[in-house]
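Have a look at the structure below before the remarks.
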Amino acid sequence: MCGIFGYVGSPGASNTILTGLKRLEYRGYDSWGIAVKHNGSIDMTKQVGAIGDIDLSNKLNRACIGIGHTRWATHGGTTVNNAHPHIATDGSFVLAQNGIVENYQHLKAEFEKKGYSFVSETDTEVIVRLIEDTLKTTRDLTTAVREAFLTLTGRNTIIVLSADSDRIIAVRNGSPLVVGIGDDEFFFSSDTLSFADKTSSAVLLENHEMVKFDNGKLTFVNVMTGKAFDPQIQTLDHTTTTIDKEGYDHYMLKEIVEQRDTIREAVQYDESEFAPLVNAIHNAKSVYTVGAGTAGFAAGQIAYFLRTVASVNAVELKSYETLGFENHFAKGDVLIAVSQSGETADTIEAVEKAKSKGVAIASIVNMMGSSLIRLSDHAFLTRSGPEICVASTKAYTAQLSWGLVLAFASAGKFKDGVSVINRVSKQISGYFTDELFSRIKGIASGICSNEHFFVLGKGQHYYTALEGALKIKEITYKHVEGFAAGELKHGVIALIEKGTPVFVIVGDDEHRADMYTVAAEVKSRGAYVIGVADRTSTLFDDMIPSFPGGIADPAVKIIGFQLLSYFLGVALGNNVDKPRNLAKSVTVK
Ligand code: F6R
């Protein structure tokens, strides 16, 4: 979702900002823009689509300061006019925003009455007019930005570049904002990854904090009180900041293969590090897990692990459907939030609601320093490294592996949990063979002209079915539904016709016989049955072969779906790393 990148330092700011924006590309965007200040005026470039190999060095090579933005459309279509930054009527400043101004309609109507005109359909331009209007009385850009910011409702993070002096002002509420501190240069960004190749020192701003670069120096201010404060400078861990396809055609395939290591990395904790959370779980009346999308399915699977391995009565909540539970949240409960980015607005909102009721917050997150980590009483990192492909793969299995070890630790068997993961990790390493890839490629080419697919799973593989279906949907744009196998006879079976591909997940578990029955039922109605299984069966027309992962099987069987999605997406000519309409970091509701 939208990304902000500002820079002040040496000449060549435009290209530095473009590089920063490219490192934010993984968040997903549909248009972009940069604005640099040079000789007392602002020069802007905005475009629809990907940044590509554009080089602005000839045009703007002398500018030392500027801001940029990648936009994922919310208010107003994907047009150059709607792309950020947006400029003040008198050209005195430009602004870019991440978030949604929830009171923008009211503010827009007010400003239209006052005679202001709008050139875009965005909510962002309302902030620009608000600052302009406030400037009439305050006469100072920093004061006007602060006052305007306090008028906005919703989660908004903004960055402003002044035309008349070397000044950048950025304020955070909701969407992330970090400041990279280099030698005589500063970076203002949505994440630390975007400048990780330049500096390892950063300040991670909290909500309602403002940073200003003016007169060669940085100042940090709490926007609510107006008081300046000394920021805490953090040192980033550079081992997790490489962004490179490393010889693979796509990040998606690279990240799928990386799972041979990442599921093990996610559980590199001592038992003592789990102990406070395990203790809170044992003392809790209710334990909830929460997430959205793929992370939501991981949350469901973690609740399943806690119930089945540790007899903890854990309940899965969807981040965006917690309203009915709010009255039940109580002091002493535990809520485990699952997120790759740690910035998903729905998940953060659910966490904030629970936290306000005294619920202890635990989280399993991939991005260091993210909002969710900072909201947590028990924060854990998946340590999967950057997940650049918009569709989540290695983060999902890392979340599962961490959740499984948490469940074992809650059952007093921490070491057994770690051994299960170490064993499966070794088996996954041997799983990625050319033979497997050709087999799955073959299945993909056989079914890529079909439009409807179904995925059926039961017990430990209920969430595998849901996540497997989501992965295929995201990368192929086909209609794919994942169902609990038990639902089949209650309605879904009406959709099966001759040739419909149906994936039947058969694990090495107590549901094997039921899953064979399901395969027979869809097959007798003409379905093309593809087993996702460890053993062949005459019921299968084709099969994605796997190996028995035991209790960790959900982290194993999903890999077949990830690979199938990848090869289907490639066969269809889709942009597998950046599927249409999707954003990596969903920072708006
Ligand atoms: C799908 C996918 C999304 C995310 C969801 C939550 O492949 O990546 O469904 O899982 O948007 O994002 P995070 O994990 O960052 O909270």
Side-chain angles (χ1 to χ4, degrees), residues 1-3 24 26-28 72 98 174-176 190-191 193 250-252 255-256 259 262 266 289-302 316-322 335-352 361 363-373 375-376 379-382 384-400 402-403 463-464 466-477 480 482 558-559 561-566 569 574-589:
M1 206 147 271
C2 304
L24 292 172
Y26 75 93
R27 298 165 70 86
W72 187 84
N98 282 0
S175 294
S190 299
D191 74 27
L193 203 58
H250 299 94
Y251 285 109
M252 183 172 186
E255 289 163 9
I256 292 172
Q259 291 175 110
T262 49
T289 63
V290 71
T294 291
F297 298 143
Q301 190 73 53
I302 292 171
E316 170 221 356
L317 307 181
K318 292 291 180 203
S319 305
Y320 39 80
E321 290 292 347
T322 50
L335 182 136
I336 303 168
V338 184
S339 175
Q340 190 284 131
S341 62
E343 300 294 351
T344 300
D346 291 313
T347 305
I348 287 175
E349 194 169 286
V351 163
E352 284 171 347
I361 308 297
S363 61
I364 177 71
V365 173
N366 197 37
M367 292 296 278
M368 266 185 307
S370 56
S371 306
L372 207 45
I373 291 195
L375 282 167
S376 302
F380 291 83
L381 282 168
T382 31
S384 302
E387 194 182 56
I388 302 298
C389 174
V390 170
S392 189
T393 54
K394 62 177 177 174
Y396 179 71
T397 49
Q399 290 153 358
L400 261 45
W402 175 86
Y463 289 102
T464 316
L466 302 187
E467 169 58 9
L470 177 63
K471 217 61 351 175
I472 307 175
K473 261 180 239 184
E474 289 178 302
I475 310 295
T476 66
Y477 319 144
V480 195
I558 194 60
I559 296 174
F561 287 100
Q562 295 170 346
L563 286 169
L564 180 78
S565 308
Y566 173 74
N574 295 347
N575 186 346
V576 292
D577 282 338
K578 292 192 202 98
R580 71 178 184 206
N581 299 340
L582 295 182
K584 183 83 188 152
S585 192
V586 186
T587 49
V588 295
K589 287 200 287 168

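Atoms within a ligand are numbered from 1 in the order they appear, just like the ligands themselves. Counting from 1, the numbers follow the sequence of the chain as shown. When reading the values below, keep in mind they use all heavy atoms of this one structure, side chains included, and skip hydrogens, waters and symmetry mates.
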Task: Nearest non-hydrogen partners of Ile302 and Gly403, listed with the distance - done: CG1-CA, 3.8 Å

Open item on the list: Residue by residue, ordered by chain and number, which ones reach under 4.0 Å of ligand 1 with a heavy atom?
Closed with: Ala292, Gly293, Thr294, Ala295, Ser339, Gln340, Ser341, Thr344, Val390, Ala391, Ser392, Lys471, Glu474, Val586

Open item on the list: Show, in sequence, the C-alpha distance, side-chain angles and deciding distance for Glu343 and Ser370, and conclude whether the side-chain hydrogen bond (donor to acceptor under 3.5 Å, both in side chains) test is met.
Closed with: CA-CA 6 Å; Glu343 300 294 351; Ser370 56; 4.7 Å; no

Open item on the list: For a quick test of reading the model, state the closest non-hydrogen atom pair linking Ile373 to Ala379 and the distance between them.
Closed with: CG2-CB, 3.9 Å

Task: Asn98 and Ser190: CA distance, side-chain angles, deciding distance, side-chain hydrogen bond (donor to acceptor under 3.5 Å, both in side chains) verdict - done: CA-CA 9 Å; Asn98 282 0; Ser190 299; 3.2 Å; yes

- [ ] Decide side-chain hydrogen bond (donor to acceptor under 3.5 Å, both in side chains) for Glu255 and Thr393; before the verdict, give the C-alpha distance in whole Å, the side-chain angles of both, and the deciding distance to 0.1 Å.
- [x] CA-CA 7 Å; Glu255 289 163 9; Thr393 54; 4.5 Å; no

Task: Qualifying residues under ring-ring contact (aromatic ring centres under 6.0 Å, His included), relative to Tyr463, sequence neighbours excluded - done: none

